[in-house]
Enquirer: 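Take a look at this one; I'll ask things after.
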Amino acid sequence: DDENNLDALPGPPRHPIIGCALEFLKISPRGLFLKMRQYKEDYGDRYVIKMMKRRILHLSNEKDIEVVLSHSRNIKKSKPYTFLEAWLGTGLLLSSGAKWHRRRKILTPTFHFNILRSFAVVMKERSQHLVEKLKGVEGSEVNLLPVISDYTLFTICETAMGTQLDADKSSKTVEYKTAILEIGNLLLGRLTRVWLHNEYLFRKFPIGRRFEDCLKKVHSFADNVIMERKKNWKPGQSEVTEDDVLIGEKKRYAMLDLLLEAEAKGEIDLEGIREEVNTFMFEGHDTTAMAIVLGLMLIADHEEVQNRIYEECQKVLGDSDRTPSMSELADMKYLEAVIKEILRLYPSVPFIAREITEDFMLDDLPVKKGSEVSIHIYDLHRQPHLFPEPDAFKPDRFYSGAPMHPYAFVPFSAGPRNCIGQRFAMLEMKFVISAICRNFRLSPKEKGYRPALLADMLIRPEGPIYVKFNRR
Ligand code: HEM
């Protein structure tokens, strides 16, 4: 085992050969979440965990995070992400090097403003459906996650693949939806059981076989959609022209159409399309669902925040009950501040991790190739020197326009590997939260309740969250 500068940093006790591995034996998802918070208390915002030969540098201060995230070549993802590879292949989220650069270039236009306008039509309709659904359960305590997951899953499915999951209740669609939701739980089960990290052992256990089964269903559904869409697709059909800006909302693109366009130009093959469609389905539904669920919980608990969102909607839209346009949503600055404050307290992706492929300096600390770096967005966002009273929900932090360190708030990451779906996600959250606050007064089941959180690739509450919706 080589000498390494990182060994001089603080961290949990390291034993010969195994390092800190004993700390993590038999740990529950809840235990792991608490342990990571405790380490930050004990060892500060730059510490090291050694696991066998692996050295993982944990960071939660804005200056270090800026150096890592803005590095143009240290963009390789580290170990925990490989569990996703069987599902997503090496699509945009997991690829690195030249392949990542190529894909990022092909996919960037997918989130171009004009195309977002077409996605906005779907979001508008979906948020209206959701409001109607909530009217049906008015006054009762609603378990948010199942309702909101349907909303985000249906939205991403229609925008990514052009398929309406709820229009057709065939066994294939139900199977797809159930399998996608189950994969999330199986991944969590694997992440927190160290012995299941080994690929061979994982496949031997029932959890591994179940995972395999779900993957088959998800892949076969996506493959069918891709082939169907390809059959009816003609070159040039999904090129965005200036006319589309004028007719705007009439055309409906799916992300898949733009990938088929790239295929016709020889930029990507069918396997690549499959990777990217699966990547969008994964990245595009649970992330937004968690933010909306935890956000509605916070809004329900803060009547003054609800009232200000409502008043802002009234100011922008007057008494008409139509849904807002994209530019009207852009004018809702208070709503935007609320969403940012939600993502500060509950960043859907609580940490990200890199494998270092090129030596670099972290201020005065050399970090060698082969080390790993974990960036704790959750802890960064609760640093008291950046956000006084860090646990309090105060949207005015983002409304006042006070300057902030550019890497103090990074729910979508930052730098070259930031979230490509960031504007899509913000738009989706604005549609749904404004639609809900215009129609309902929200109240919590229990005032001041905050759920216990679990350590996972996404932030996850331990139990259900209930909110009551009463019509305004
Ligand atoms: C609240 C919602 C969301 C949050 C908080 C979020 C957050 C993030 C973060 C932190 C990353 C960086 C991951 C890393 O470095 O390992 C990321 C990457 C990514 N996100 Fe999002 N995301 C959200 C929604 C979406 C949506 C709706 C889509 C697609 C429609 C999407 C697609 C992606 C993709 C493809 C990447 C990989 C980009 C790359 O490596 O080039 N995300 N997201």
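Being a predicted model, the structure only gives us computed values, none of them experimental. In listed order, ligands and their atoms are each counted from 1.
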Enquirer: Any ion pair linking Arg460 and Asp286 (charged N to carboxylate O, less than 4.0 Å)?
Expert: yes
Enquirer: Could you tell me whether Glu158 and Arg126 have a side-chain N and a carboxylate O separated by less than 4.0 Å?
Expert: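 Counted as a salt bridge, because a side-chain N and a carboxylate O are separated by less than 4.0 Å.
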Enquirer: For Glu372, run the salt bridge (Lys or Arg N to Asp or Glu O under 4.0 Å) check against Arg54, Lys53, Lys77 and tell me which one passes.
Expert: Arg54
Enquirer: With a 4.0 Å cut-off on N to O distance, would you call Glu41 and Arg37 a salt bridge?
Expert: no
Enquirer: Is any side-chain N of the basic residue among Glu358 and Lys369 closer than 4.0 Å to the acidic one's carboxylate O?
Expert: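 No salt bridge links Glu358 with Lys369.
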Enquirer: Would you please test Lys230 and Glu263 for salt bridge (charged side-chain N to carboxylate O under 4.0 Å, His left out) and show each step?
Expert: CA-CA 10 Å; Lys230 187 172 158 67; Glu263 194 211 3; 3.0 Å; yes
Enquirer: When you pair each N or O of ligand 1 with protein N or O atoms, which pairs come out under 3.5 Å?
Expert:
{"residue": "ligand 1", "atom": "15 (O)", "partner": "Arg354", "partner atom": "NH1", "Å": "3.3"}
{"residue": "ligand 1", "atom": "15 (O)", "partner": "Arg354", "partner atom": "NH2", "Å": "3.3"}
{"residue": "ligand 1", "atom": "16 (O)", "partner": "Lys77", "partner atom": "NZ", "Å": "2.9"}
{"residue": "ligand 1", "atom": "16 (O)", "partner": "Tyr81", "partner atom": "OH", "Å": "2.6"}
{"residue": "ligand 1", "atom": "20 (N)", "partner": "Glu283", "partner atom": "OE1", "Å": "3.0"}
{"residue": "ligand 1", "atom": "40 (O)", "partner": "Leu92", "partner atom": "O", "Å": "3.3"}
{"residue": "ligand 1", "atom": "40 (O)", "partner": "Arg417", "partner atom": "NE", "Å": "2.8"}
{"residue": "ligand 1", "atom": "40 (O)", "partner": "Arg417", "partner atom": "NH2", "Å": "3.1"}
{"residue": "ligand 1", "atom": "41 (O)", "partner": "Trp100", "partner atom": "NE1", "Å": "2.8"}
{"residue": "ligand 1", "atom": "41 (O)", "partner": "Arg104", "partner atom": "NH1", "Å": "2.7"}
{"residue": "ligand 1", "atom": "43 (N)", "partner": "Glu283", "partner atom": "OE1", "Å": "3.3"}

